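Computed from heavy atoms alone, side chains included, the values below leave out hydrogens, waters and symmetry copies. Since the model is a prediction, treat every value here as computed from it, not as a measurement.
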Amino acid sequence: MSVVMARGVLYVHSAPTALCPHIEWAIGSVLDKRIDMEWTAQPAAPGMLRAELSWIGPQGSGAQLASALRGWAHLRYEVTEEQSAGADGGRWSHTPELGIFHATTDVHGNIMVTEDRIRYAYETGAGDPAAVYHELSLALGESWDEELEPFRHAAEGAPVRWLHQVG
């Protein structure tokens, strides 16, 4: 049985300097290779560093990367995994305050909310539009986006990594 490969990007939005070698080690253990990331200052959090890494690994590596980095104090990151043969794409977002969020994504990176999650929002809302809105906001990870947005913008001018179709 052949291994299906996937691609993605890891965005470390902010990390303390002392944590950077540990992050590289954790990523390397998932991708089974030595990782040397190019760390730069994170203007949105003075004293913190940021880095990006395009990765290629076996399908499911995005979830493994997110899990390997989960729970470290002061670490903000996002992991994306593109769709690959037989699997949807995914996005994992982590902040120290909110923890981790996962969503399935389509080929364009849009979050896909399942029918069951939408039905849950309707049922929980019980006719209250504000409650339905709240549940859909949770399903879309809006709180994570709001918290990470200043760190994403602070990275403007960072090197762009283009991904290509796998499979």
### Message
Is there a path of hydrophobic side-chain contacts, each under 4.5 Å between heavy atoms, that joins Trp55 and Trp25?
### Response
no

### Task
Apply side-chain contact (heavy atoms from CB on, under 4.5 Å) to the pair Glu147 and Arg76, showing each step before the final yes or no.
CA-CA 9 Å; Glu147 189 168 324; Arg76 290 175 182 83; 4.0 Å; yes

### Task
Would you confirm whether Thr95, through its side chain, and Leu98, through its main-chain N or O, come within 3.5 Å as a donor-acceptor pair?
yes

#### Entry: Side-chain (Ser54) to main-chain (Val9) donor-acceptor, under 3.5 angstrom
no

### Message
Check this for me: Arg117, atom CZ, are more than 12 non-hydrogen atoms of other residues, nucleotides or ligands nearer than 6.0 Å?
### Response
yes

### Leu75/Ser14 under side-chain contact (heavy atoms from CB on, under 4.5 Å): CA gap, chis, key distance, verdict
CA-CA 6 Å; Leu75 181 61; Ser14 71; over 6 Å; no

### Query
When you look at Thr105 and Asn110, which way does the side-chain contact (heavy atoms from CB on, under 4.5 Å) test go after all the steps?
CA-CA 5 Å; Thr105 58; Asn110 296 306; over 6 Å; no

### Query
What is the distance from atom CD1 of Ile27 to atom CG of Asp32, rounded to the nearest 0.5 Å?
14.0 Å

### Query
Is Glu52 salt-bridged to Arg50, going by a charged N under 4.0 Å from an acidic O?
yes

### Task
Could you check whether the rings of His94 and Tyr77 sit parallel, tilted or perpendicular, using 30° and 60° as the cut-offs?
parallel

### Query
Within the side chain of Ser84, is there an N or O that forms a donor-acceptor pair under 3.5 Å with the backbone of Gln59?
no

### Message
Tell me whether Met37 shares a hydrophobic cluster with Leu69, the cluster being built from Ile, Leu, Val, Met, Phe, Trp, Tyr side chains joined at under 4.5 Å.
### Response
yes

### Task
Could you grab the distance from atom CD1 of Ile56 to atom CD of Glu82, nearest 0.5 Å is fine?
9.5 Å

### Message
Please evaluate residues Arg152 and His13 with respect to the criterion side-chain contact (heavy atoms from CB on, under 4.5 Å), reporting the C-alpha separation (whole Å), side-chain torsions for both, the decisive distance (0.1 Å), and the verdict.
### Response
CA-CA 7 Å; Arg152 294 174 183 147; His13 293 298; 3.6 Å; yes

### Minimal non-hydrogen separation, Arg91 against Asp145, with atom names
NH2-OD1, 3.0 Å

## Note on the structure
Correct closest heavy-atom pair for Ser61 and Val30 would be O-CG1, 4.1 Å

### Task
Find out if a path of hydrophobic residues (ILVMFWY) with successive side-chain heavy-atom gaps under 4.5 Å connects Leu19 to Trp92.
yes

### Query
Hey, does the side chain of Gln42 reach the backbone of Leu49 with a donor-acceptor pair shorter than 3.5 angstrom?
no

### Query
Taking all atoms of both residues into account, what is the closest heavy-atom pair of Ile111 and Ala139, and its distance?
CG2-O, 4.1 Å

### Summary
Of all heavy-atom pairs linking Pro16 and His74, the shortest is CG-CB, 3.8 Å

### Task
Consider only side-chain heavy atoms of I, L, V, M, F, W and Y, link residues closer than 4.5 Å, and tell whether Ile23 and Val79 are in one cluster.
yes

### Message
Under a 4.0 Å threshold between the charged nitrogen and the carboxylate oxygen, would Arg34 count as salt-bridged to Glu24?
### Response
no

### Query
Are any non-hydrogen side-chain atoms of Ser93 and Ile100 less than 4.5 angstrom apart?
no

## Note on the structure
Interatomic distance, CD@Gln83 vs OG1@Thr104, rounded to 0.5 Å, equals 10.0 Å

### Summary
Of all heavy-atom pairs linking Ala121 and Leu136, the shortest is CB-CD2, 3.9 Å

### Message
Is there a path of hydrophobic side-chain contacts, each under 4.5 Å between heavy atoms of I/L/V/M/F/W/Y residues, joining Ile35 to Trp72?
### Response
yes

Report all side-chain donor-acceptor pairs from residues 122-135 shorter than 3.5 Å, counting only partners two or more places apart or in another chain.
residue	atom	partner	partner atom	Å
Thr124	OG1	Tyr120	O	2.8
Asp128	OD1	Ala130	N	3.1

### Task
Supply the atom-to-atom distance Asp88 CG to Glu81 CD, rounded to the nearest 0.5 angstrom.
10.5 Å

### Query
What heavy-atom pair brings Trp39 and Ala51 nearest, and what distance separates the two atoms?
CE3-CB, 3.6 Å

